[in-house]
Each structure stands twice: as structure tokens, then as C-alpha cells.
Amino acid sequence: MNYTELVVFIIYLAAMLGIGVFFFFRDKGGEKEYFLGGRQMGPWVSALSAGASDMSAWVLMGLPASIYAAGLGQSWIAIGLAAGYILSWIFLAPRLRLFSIAANDSITVPQYLTNRFLSKSKSMQVVCAMIFLFAYAIYASASIKACGTLFNTVLGINATLAMYIAASIIIGYTFLGGFKAVCWTDFIQGLLMLAALMIAPIFALALLNNGPGTTAGVAFPENFWNLLSSGKADWRSWADILSGLGWGLGYFGMPHIIVRFMAIRSQKDVKKSATIGITWNVLILIFAVLAACAGRLFLGEISDSSLVFITMVRTIFPAIISGILLSAILAAAMSTADSQLLASASAFAADVYRPVIRKKASDREMFWAGRFVVVAIAIVAVIIASSPGSGSIMDLVGNAWGVFGAAFGPAILLSLFWKRFTFPAAVTAIVVGAAVDILWLAIPALSGTGLYEIVPGFIASMIAGIIVTLAGKGPGREVEALYEKSLIVSE
């Protein structure tokens, strides 16, 4: 155990928990304050929080590991994510913020999709909440698993124990501080992630001649530097390219990311937030790819590709610096897990508990119901993460990302850009997208094609939404008037 790195980790975790305590005592607002920060988040915090809640530990461990092991053909994931993120800020963010305000000041994605159609039905909120609880438990497990791997590798602490420690800290500041605590911790964590990903590969390339890889001789897999090859059969390489680009579709339906668009302080701040967020995201992805390539050149062959970033940092830097840089993995994991837990809590408390289970529940009762959901989801996530058959960090992220993107992406896009889109069509699109995504993953004949399940799921969801809308009678004059009113304001 390196005690210097341990002290750095402890200080970092204590600081994150301290932010939650600060906002717990400072803010005494209602549900919009706890779940959406009162729509008062500035451009820097909104932008980096949206980015950090997206880029979990997989960007420091999973993505570099894939590229390190198979070559640049795996970097299509980064290309797809960059494209999707840019498009979501340009087209989605401006309209979603204003449409969500016009739709009865909605504070969650399910609320928006219900109020956008002036519907009294609770079916949308219940369906969305069920998908949230299922997918977020899987997604959060990837972040918690990364924390366990980090503590086990660096400090020798039992991985399962480390997962419980990390989950406790994340629960602590999310439970206490709500949306503002999550956004401010994400802001700090986003800066740390960017610094670590920029510093490590630059130093590795500068010290290339003195690295272990130079001494042992660097061996590259076949077609390592070929962007159009993933080291598989030709048709599988093209499936990998399409799958990588398909990752970008997830941004149109990722609740814990797009809720940041709804929370931005003003429409003027949306453009500034977009510039900051897009710049951060592109830099993160570029340096994640560079970290994999630099790691291959500097380290040569290592036994576990998922540890390429950790190994590179610990080889180059003294303990106090490596402790700070490796805290970026904690930052990446925690900044995603906290957002997911809060999104789950808001979906249950605001969309199920009070509307369906306890219609006369007070704000205080609803808040506590949401907080207990934070604890419950975190416990389930730890159980999944500690299971031997849970798969890799990248697998877990990919599974959850696919469900969200396929289920919610088409419904969100159609609700913002098609006046005739209807409530039944939105519900159908969500159910079909989630079902096709899960079935594509579960059926060997389909998953064996190598095509990422989000692609067929997204397409099926979009087609279902369009067909049901065209087959129906339309949304009604009041719903169309709401759409036109929102569109005039947004323009």
C-alpha cells in the first residue's frame, strides 16, 4: 500500500462529502431545488457537470483499454460520442430547456414527456421510472466497480470493501445536497479528469525513450494503427465502426445528461454552456485515445489492458502526483454515479411516489422517498458490481447506455421537432426502443452480429413513434398550441 496515495484519496473523498454537507445546510428549497437546482446553474457548472456525468471511469479505463488492446479501430466510439455530444448541445439543449418550462415547468424527463402532451395519464411516468431503476442500477454498478478496481490495484484494499466505501461517499453527498451538490462535485471532477488525461500521455510521450516499452520492445497487434480495422474479419470491423458511431445516439436520450440542459439558468447561457461543454468533451475523448496509444508505446505489453492509465501514471510520477491524477478515476466514477442515483430518485419520487402511490404526500415525505431510493439503487449497484459474472466496466456502461439511448432518444427528438407527435406514440417508442435493445443483446443470433444494440433499438423506436402518430388522430389543438408557443420563444 502506498500511504501517500491513500492520504490523497481520503482528502479528495472528504472534500466531495463536504460539498454535500454544505448544500444540505444552505438550501431549504422545494422539489425543483433538490432535483433541478432551481434552474439556476451557470454555464460553466452546467457544461462540465453534463460532461462529467457522462464520462464515467470507462473513459480512463474502458476506452483506453479497448484501443490499447485492439488498436485505433476502437476509437470510433470516441468519434461517435463526440459527434452525438455536439449535436445534442446544438439541437437538443436550447429547445429542451424552453419546452420543459412551457410544459408546466417539468423537472424530470418523464414529467416533461407527460406534460408536453398535456396528458393526465401516469403511464409514461411509471414506464420511465421502471426503465430508470433497471438501467441506472447497471450503469451505477460500472462506476462503483471502477472504484473497487482502483483501490484494489493501487492500495491493495479488498475490491468489494472498496466498492462499499465509494458507494457510501457517493450516497452521502447525493443524499444530503441534491442536484446542486451533484453539479458542483461534477464540475470539480470534470476539471480533474481533463487535467489527468492531458498530463499523463504528454509526459509518457516525452519520456518515451526511458519507458519500459522501449527496453522490452514494443509489439503491436495487427492493423493497430488502421482506423478502419478492429482486428476482426472485414464485416465485423464495419460492424464495429457502425457500433462506435451508434454510441453518439445515446446523448439524445440520456436522462442524467439532458436534465442538465433543463437546469441551465437562462437561454443566453445555453450557447456559452454548449461551447464549454463541447470543448471539454472533445478534449477528453482525444486524450483518452492518446492515452491508449502513448501507453502502448511507453509501457509495451501489460497483462491487464484496463490498467494502462493507472500503470502509466504510477510509473511516471511520484506518489503525491500519481495520487492526485489517479483521483481522476474516482472523479469519473463518482461524477457519473451521483447523477444516476439522483435521476433515479427524482424519477421515483416525483413521477411515481407522489402521483401514483401517495397522492397527498408532502414535499418533505417525497424528498425522503427519493433519498431512500438513492440508497436502494446504490446497494443494488454494489451487488451487481461485486458479482463475478457482471462483465467488464465497458460492458456494463454499454448495456445501460444502449437502453437509455434506444428508449428515450427518439421520443425526446420527436417531441421537440414534430408538432403532430402524440402521447401514445411517445409511450410506444420508449417501450419498443427498450425492448428491441434488450432483446438484441439477449439473443445470441443478434448479438453475434457485433452490431451495438443501441442502433437497431433506436431505429425501431423511431419507426414505432412515427407509425403510431400517423395512425392516430393527432395530439389535439391545445397540445399543438403548446408546441407552437414553445417554438416561438425558442426562436
Side-chain angles (χ1 to χ4, degrees), residues 1-16 48 51-52 55-69 143 146-157 159 162 165-166 169 185 187-218 280 283-335 393:
M1 180 183 293
N2 188 309
Y3 289 100
T4 302
E5 291 176 333
L6 175 61
V7 170
V8 172
F9 287 171
I10 291 174
I11 292 172
Y12 173 79
L13 292 171
M16 295 301 101
L48 292 191
M55 297 297 180
S56 61
W58 66 266
V59 81
L60 290 134
M61 298 178 69
L63 182 58
S66 298
I67 297 171
Y68 174 92
S143 299
C147 293
T149 301
L150 175 67
F151 276 95
N152 180 256
T153 302
V154 176
L155 303 175
I157 297 175
I165 294 172
I169 300 296
T185 53
F187 172 73
I188 295 169
Q189 290 160 344
L191 292 175
L192 180 58
M193 289 164 61
L194 181 59
L197 270 174
M198 293 178 72
I199 290 170
I202 290 173
F203 270 79
L205 293 174
L207 300 171
L208 198 59
N209 292 332
N210 298 318
T214 304
T215 305
V218 182
W280 182 92
L283 286 174
I284 282 283
L285 291 168
I286 288 173
F287 279 96
V289 175
L290 184 59
C293 298
R296 191 86 199 188
L297 291 167
F298 180 75
L299 298 172
E301 189 74 29
I302 60 175
S303 58
D304 187 351
S305 61
S306 68
L307 302 180
V308 58
F309 181 79
I310 295 175
T311 306
M312 185 165 57
V313 166
R314 300 191 84 197
T315 303
I316 296 173
F317 299 101
I320 189 168
I321 302 299
S322 67
I324 294 172
L325 295 180
L326 291 178
S327 293
I329 297 177
L330 280 178
M334 294 169 66
S335 62
I393 294 169

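All heavy atoms count here, side chains included; hydrogens, waters and symmetry mates do not.
Residues passing the side chain to side chain contact (heavy atoms under 4.5 Å, CB included) test with A166 are C147, sequence neighbours excluded. Annotation: side chain to side chain contact (heavy atoms under 4.5 Å, CB included) contacts of A162 (sequence neighbours excluded): F151, I157. The ring pair (Phe, Tyr, Trp, His ring centres under 6.0 Å) test applied to Y68 returns no partner, not counting sequence neighbours. Contacts of I11 classified as side chain to side chain contact (heavy atoms under 4.5 Å, CB included), with partners at least two apart in sequence or in another chain: V7. L194 pairs by the side chain to side chain contact (heavy atoms under 4.5 Å, CB included) definition with M198, W280, L283, I284, not counting sequence neighbours.
Note that OG1 of T311 and CD1 of I302 are 4.5 Å apart. Values are rounded to the nearest 0.5 Å. For the atom pair CG of L285 and CG of L197, the computed distance is 9.5 Å after rounding to the nearest 0.5 Å. Residue T149 holds its OG1 atom at 4.5 Å from CD1 of I393, rounded to the nearest 0.5 Å. Once rounded to the nearest 0.5 Å, the distance linking CE of M312 with CG of L297 reads 10.5 Å. Here CG of L299 is found 5.5 Å from OG1 of T315. Values are rounded to the nearest 0.5 Å. Rounded to the nearest 0.5 angstrom, I10 CD1 and Y3 OH are separated by 11.0 Å.
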Task: Candidate pair V308 and I67, rule side chain to side chain contact (heavy atoms under 4.5 Å, CB included), full reasoning - done: CA-CA 10 Å; V308 58; I67 297 171; over 6 Å; no
Distance-only criterion, 3.5 Å: show the donor-acceptor pairs between side-chain atoms of residues 319-327 and protein atoms not counting sequence neighbours.
unit_1, atom_1, unit_2, atom_2, d
S322, OG, E5, OE2, 2.5
S322, OG, P318, O, 3.4
S322, OG, A319, O, 2.9
S327, OG, G323, O, 2.8

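The ring-ring contact (aromatic ring centres under 6.0 Å, His included) analysis of residues 291-330, with sequence neighbours excluded, yields the pairs F203-F317. Within the structure, salt bridge (Lys or Arg N to Asp or Glu O under 4.0 Å) contacts touching residues 288-299 (residues at least two apart or in different chains) are R296-E301. Residue pairs that meet the salt bridge (Lys or Arg N to Asp or Glu O under 4.0 Å) test with at least one member in residues 302-312, sequence neighbours left out, do not exist here. Annotation: salt bridge (Lys or Arg N to Asp or Glu O under 4.0 Å) contacts involving residues 315-324, sequence neighbours excluded, are absent.
Nearest heavy atoms, A204 versus A294: CB-CB, 4.2 Å. Across every non-hydrogen atom of A146 and M61, the tightest pair is CB-SD, 4.2 Å. When all heavy atoms of A328 and A196 are compared, the pair lying nearest together is CB-CB, 3.5 Å. The two residues A292 and P64 have their closest heavy-atom pair at CB-O, 3.3 Å.
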